[in-house]
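Working notes for the structure below.
Side-chain atoms are counted along with the backbone in the values below, which use heavy atoms only and exclude waters and symmetry mates. Both counts, for ligands and for their atoms, begin at 1 and track the order of listing.
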Amino acid sequence: MTNDNIRLRFAPSPTGFLHIGSLRAALFGYLLAKSWGGKFILRVEDTDQKREVEGATEKLIEVLKKVGISFDEGPHIGGTYGPYIQTERQETYDKYAAELLKKDAAYRCFCTEERLTEMRTAQEAAKQPPRYDRCCRSLSTQESEERAQKGEKFVIRQKMPLDGEVVVHDEIRGDIKFSIADLDDQVLIKSNKIPTYQFANVIDDHLMEISHVTRGDEWLASYPKNILLYQAFGWTPPKFIHMPLILNKEGGGKLSKRKGDVFVEDFLNKGYLPEALINFCVLLGWHPKDDQEIFSLTELEKEFSLDGMGASPAVFDTEKLDYLNGYYIRQKSDSKLAALCLPILEAAGFGPDDRLEKFVALGKDRMKKLADAPEFLGFFFQLPKYDKQALCWKEMTLETAQNNLRAIMNLLEKVPETDWEKEKLETLTLNWIKEQGAKNGDYLWPLRYALSGQKNSPGPLEIAWALGKEKTLARIQQAL
Ligand code: GLU
């Protein structure tokens, strides 16, 4: 069922790579929009041009697309509420700033940088919170107009109420009270005429008819200022959902680059699957019913709800991500997984090989990420250099190992190509070993080592099946 009143947005600043925290903001917004039958909008908040990185918006759209998040409106697809890039909306911000000035809900501040710095230094020395001293708040309209006309530089500040309380409502936390006296007369328009994030964000959420805002709880502190701005215009604010902080598992601090990867691109490059990243991210702050752990994006588009969201910090647990990734790797068909592993294997100097699907079928249980492919599949392409002593099982002598390998080779040589199948090879060999009155290890250990050169690997007859008859016999020959 569609609901035209439901509109959520992802409002990133194009300052570089996509942080895991931003992916979560996008995902929660997307999922709420989907589960309520609403629209999901991309708005690019690029007013801080100093921090802007070229091409960041395009990359961001591409990465989101890779993990399955798409938009109904945005700079790349258009829509009736555009433009969707803030630097293309300057006229709108000018108009609304003028409206606030006219309403006496904002004022021009002509204070110079030097004066503001002096003021801050004095406040710091007196251990007072840094705050504008409202020097220009009492300028007459006439003086303000005249100085502006003469070309004097100014910023536009919001005329905050001087005392009382503002109560803001968060959909997860409920009502939160803030004392107005603690709030600064925030800058709305900078001296270069560009709006601040706080101003442009409110104007756009209102004009784009955003119904719910999902954002990180680092924005809670400025939430009362946003609400006072909505009040100054006489607008009804959207509903706000502040998502909990994401903490590092070790040390507990805020998730940061110093402690490891935080960008979605890094994870994708390492071979984490989009399905796993989405499943992992959705659990950062959402607690599904019945502790279900595995969710596909399609399932989430229906099941996700505000109910399961909590305010306590989420922990970024890489082991959990590995576990989920391993799960999704095992879910892939051998042919899909082979296609995903191929470029990684090739980059490591392995392949291509028309038996790759078989190698993958045997290796997928051990892989936590695609980048593990060379480690777990490499030996299928190239036998590593190994120590011949390792061909001996337990106390076995090299001579026995050699004899046993030769016997196994004779046995396998007789198997026709058409019978070169996992189960057939296993039944044949195990029965034969039994007939010899020997232990499995007497034959299977040397065989496994001869075929893999690895202390840990899939079973020898599975490897033989995957390698094919010719390569299997060649590897035994080499060991001999
Ligand atoms: N542009 C802000 C950011 O980069 C958006 C915050 C919000 O969603 O309101 O995080």
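Between Y223, Y197, F10, it is Y197 that holds the heavy atom closest to atom 6 (C) of ligand 1.
Counting protein heavy atoms only, atom 5 (C) of ligand 1 is closest to A11 O, 3.1 Å. For atom 4 (O) of ligand 1, the closest heavy atom belonging to the protein is S13 OG, 3.2 Å.
In summary, the atoms of ligand 1 found under 4.0 Å from a heavy atom of R9, numbered by their order in the structure, are 7 (C), 8 (O), 9 (O). Heavy-atom proximity to W219, at under 4.0 Å, picks out these atoms of ligand 1: 2 (C), 3 (C), 6 (C), 10 (O). With ligand atoms numbered from 1 in the order given, ligand 1 contributes 1 (N), 2 (C), 5 (C) to contacts under 4.0 Å with heavy atoms of E45.
Side chains of K358 and D334 form no contact here, defined as non-hydrogen atoms less than 4.5 Å apart.
Between H206 and Y230, a ring centre-to-centre spacing not shorter than 6.0 Å is recorded.
Atom CG of D163 is surrounded by 12 or fewer heavy atoms from other residues, nucleotides or ligands within 6.0 Å. By the neighbour-count criterion of 12 heavy atoms within 6.0 Å, atom NZ of K103 is densely surrounded, having more than that number from other residues, nucleotides or ligands. Dense packing is recorded around CD of Q128, with more than 12 heavy atoms of other residues, nucleotides or ligands lying under 6.0 Å away.
Ion pair R137/D185 flagged as a salt bridge, since at least one NZ, NE, NH1 or NH2 atom sits closer than 4.0 Å to an Asp/Glu carboxylate oxygen.
Under a 4.0 Å heavy-atom criterion, N201 is in contact with ligand 1.
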